[in-house]
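The structure under discussion appears below in the form of structure tokens.
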Amino acid sequence: MSGHSHAKTVMATKMANAAKKGKIYSKFGRLITIAAKEGGGDPAKNAKLKAVIDQAKNFNMPKENIERAIKKGTGELAGENLEEISVEGFGPGGIALIIEGITDNTNRTLTEIKVTLNQNNGKMAGEGAVRWNFDRKGIIIVLPEGKPQDELEMIAIEAGADDVKFYGETVEIHTKPEDLEQVRKILEEKGLKIDSFSLGWAAKEEVAIGEREKEQAEKLFEALDDNDAVNNVYSNLKE
């Protein structure tokens with residue numbers, strides 16, 4: 001989870017039961033297929049693909065599932081006609097939302113997202129309505145593994161990071177989009193454990209809402225996460 005921007009991703013929590021694992025594998029399968037389609041099926045030459053595969057392995061996604069998703073992306077196997085979508089909206093307390101996903105049926109998925117928002121004190125917004133609240137950033141999630149915050153912050157800044165945020169057991173490092181891969185490599189060379197990395201959205205300013213509205217927001221995030229087509233939800237909710 002990327003706390004400050006409230007990025008809820010498929011990597012957010014370890015899901016134990018079979019039904020939830022099935023959803024996770026489905027989401028990762030689509031991410032792998034899209035990454036392979038964009039940059040080729042060799043993880044050694046496709047950093048985005050390698051990142052998604054590494055994250056999928058953290059959830060024990062079977063090797064054959066990964067290989068099948070790659071082949072769908074490269075065209076070796078027939079697959080769905082997948083499209084990436086990005087939806088803007090508002091949540092409880094007026095928080096701004098950017099919802100990203102991959103779907104084989106755009107109209108159906110947009111309708112599902114709209115219904116989920118409406119049922120959880122939110123609403124869909126037009127293109128550009130909330131995106132101005134966010135900056136495009138490289139987002140690297142690091143596991144501290146006992147390292148003190150000041151040491152982690154110093155390593156990140158020396159590696160070229162723009163910002164460092166601390167949320168419980170995770171550290172979120174921001175970079176300029178074009179610096180993501182370089183900073184990631186330096187952090188790994190410095191011995192830091194990378195949990196995930198991707199291009200994402202970071203709120204320019206966070207907003208505080210009441211406890212009741214925050215609970216409603218959590219329910220909304222969970223409901224969106226339950227949608228097979230939704231991969232990331234970003235907000236400007238202040239933790």
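Residue numbers start at 1 and run along the sequence shown. Heavy-atom basis, side chains included; hydrogens, waters and symmetry copies ignored.
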What's the shortest heavy-atom distance between Ile66 and Ala56, and which atoms?
CD1-CB, 4.4 Å
Can you give me the closest heavy-atom contact between Ala203 and Ser235, atom names plus distance?
CB-O, 4.1 Å
Would you say the side chain of Val207 lies within less than 4.5 Å of the side chain of Lys238, judging by non-hydrogen atoms?
no
Please check: side-chain N/O of Gln55 versus main-chain N/O of Ser196, any donor-acceptor pairing under 3.5 Å?
no
Quick one: sort the Phe28 and Phe59 rings into parallel, tilted or perpendicular, breaks at 30° and 60°.
tilted
Give the minimum heavy-atom separation between Gly29 and Ala69, together with the two atoms involved.
O-CB, 3.5 Å
Flag the pair Glu112 and Arg108 as a salt bridge only when some basic side-chain nitrogen lies within less than 4.0 angstrom of an acidic carboxylate oxygen.
yes
Distance-minimising heavy-atom pair for Thr116 and Ala223:
CG2-CB, 3.6 Å
What do you reckon, is CD of Glu127 surrounded by more than 12 foreign heavy atoms closer than 6.0 Å?
no
Would you sort out whether Thr175 and Phe197 count as a side chain to side chain contact (heavy atoms under 4.5 Å, CB included), showing the intermediate values?
CA-CA 11 Å; Thr175 76; Phe197 65 96; over 6 Å; no
Salt bridge flag under 4.0 Å for residues Glu181 and Arg184
yes
Paired with Val87, the side chain to side chain contact (heavy atoms under 4.5 Å, CB included) test is passed by just one of Leu110, Leu224, Val233, namely Leu110
Under 4.5 Å between side-chain heavy atoms, hopping through other hydrophobics if needed: is there a path connecting Phe166 to Ile140?
yes
Checking the side chain of Asn46 only, and the main-chain atoms of Gly40 only, is there a donor and an acceptor separated by less than 3.5 Å?
yes
Atom CG of Asn133 and atom NZ of Lys204: how far apart are they, to the nearest 0.5 Å?
7.5 Å
Any donor-acceptor N/O pair, Glu213 side chain to Gly210 backbone, under 3.5 Å:
yes
Would you find more than 12 non-hydrogen atoms of other residues, nucleotides or ligands less than 6.0 Å from Lys147 atom NZ?
yes
Between atom NZ of Lys72 and atom CG of Leu82, what is the distance when rounded to the nearest 0.5 Å?
8.0 Å
Quick one: closest heavy-atom pair of Lys71 and Thr74, and the distance?
O-OG1, 3.2 Å
For Lys27 and Asp225, indicate whether the former's side chain and the latter's backbone hold a donor-acceptor pair under 3.5 Å.
yes
Is the backbone N or O of Ile209 less than 3.5 Å from a side-chain atom of Lys214, with the two atoms forming a donor-acceptor pair by type?
no
Side chain Tyr25, main chain Asn60, donor-acceptor under 3.5 Å
yes
When clusters are formed by joining ILVMFWY residues with side-chain heavy atoms under 4.5 Å apart, either directly or through shared neighbours, do Val142 and Leu199 land in the same one?
yes
Hey, which of Leu97, Ile139, Val130 is the one that makes side chain to side chain contact (heavy atoms under 4.5 Å, CB included) with Tyr234?
Ile139
Using a 3.5 Å distance criterion without hydrogens, assess whether the side chain of Asn120 forms a donor-acceptor pair with backbone atoms of Gly122.
no
Please determine whether side chain to side chain contact (heavy atoms under 4.5 Å, CB included) holds for the pair Ile53 and Ile70, giving the CA-CA distance in whole Å, both sets of side-chain angles, and the decisive distance to 0.1 Å.
CA-CA 10 Å; Ile53 290 174; Ile70 292 173; 3.8 Å; yes
Using a cut-off of 6.0 Å, state whether more than 12 heavy atoms not belonging to Lys57 lie near its atom NZ.
no
Exactly one of Asp228, Thr109, Asn227 should register a side chain to side chain donor-acceptor pair (under 3.5 Å) with Thr103. Which one does?
Thr109
With side chain to side chain contact (heavy atoms under 4.5 Å, CB included) as the test, pick out the partner of Leu152 among Leu187, Val164, Leu192, Ile157.
Leu192
Drop me the distance from Lys190's NZ to Met154's CE, to the nearest 0.5 angstrom.
11.5 Å
Would you call Arg136 and Glu100 a salt bridge, using N to O less than 4.0 angstrom?
yes
Leu237 side, atom CG; Ile95 side, atom CD1 - distance, nearest 0.5 Å:
5.0 Å
Taking all non-hydrogen atoms of both residues, which atom of Ser86 and which atom of Ile98 are closest, and how far apart?
OG-CG2, 3.8 Å
Would you call Asn231 and Leu31 a side-chain contact if the rule is heavy atoms closer than 4.5 Å?
yes
Starting at CD1 of Ile173, measure out to CD1 of Ile141 and round the result to the nearest 0.5 Å.
8.5 Å
Side-chain donor/acceptor of Glu88 to backbone N/O of Ala129, under 3.5 Å
yes
So CD1 of Ile32 and CZ of Arg68: to nearest 0.5 Å the spacing works out to 10.5 Å
Any side-chain heavy atom of Val52 within less than 4.5 Å of one from Ile34?
no
Give a yes or no on whether the backbone of Ala96 and the side-chain of Asn236 come within a donor-acceptor separation of less than 3.5 Å.
yes
Please answer: with hydrophobic residues joined when any side-chain heavy atoms are less than 4.5 Å apart, are Ile102 and Leu77 in the same cluster?
no
Are Asp226 and Lys23 ion-paired here, with the side-chain N under 4.0 Å from a carboxylate O?
no
How about CD on Glu178, more than 12 heavy atoms from neighbouring residues, nucleotides or ligands closer than 6.0 Å, or not?
yes
Using the rule that Ile, Leu, Val, Met, Phe, Trp and Tyr join whenever any side-chain heavy atoms are under 4.5 Å apart, tell me whether Ile186 and Ile155 fall into a single cluster.
no
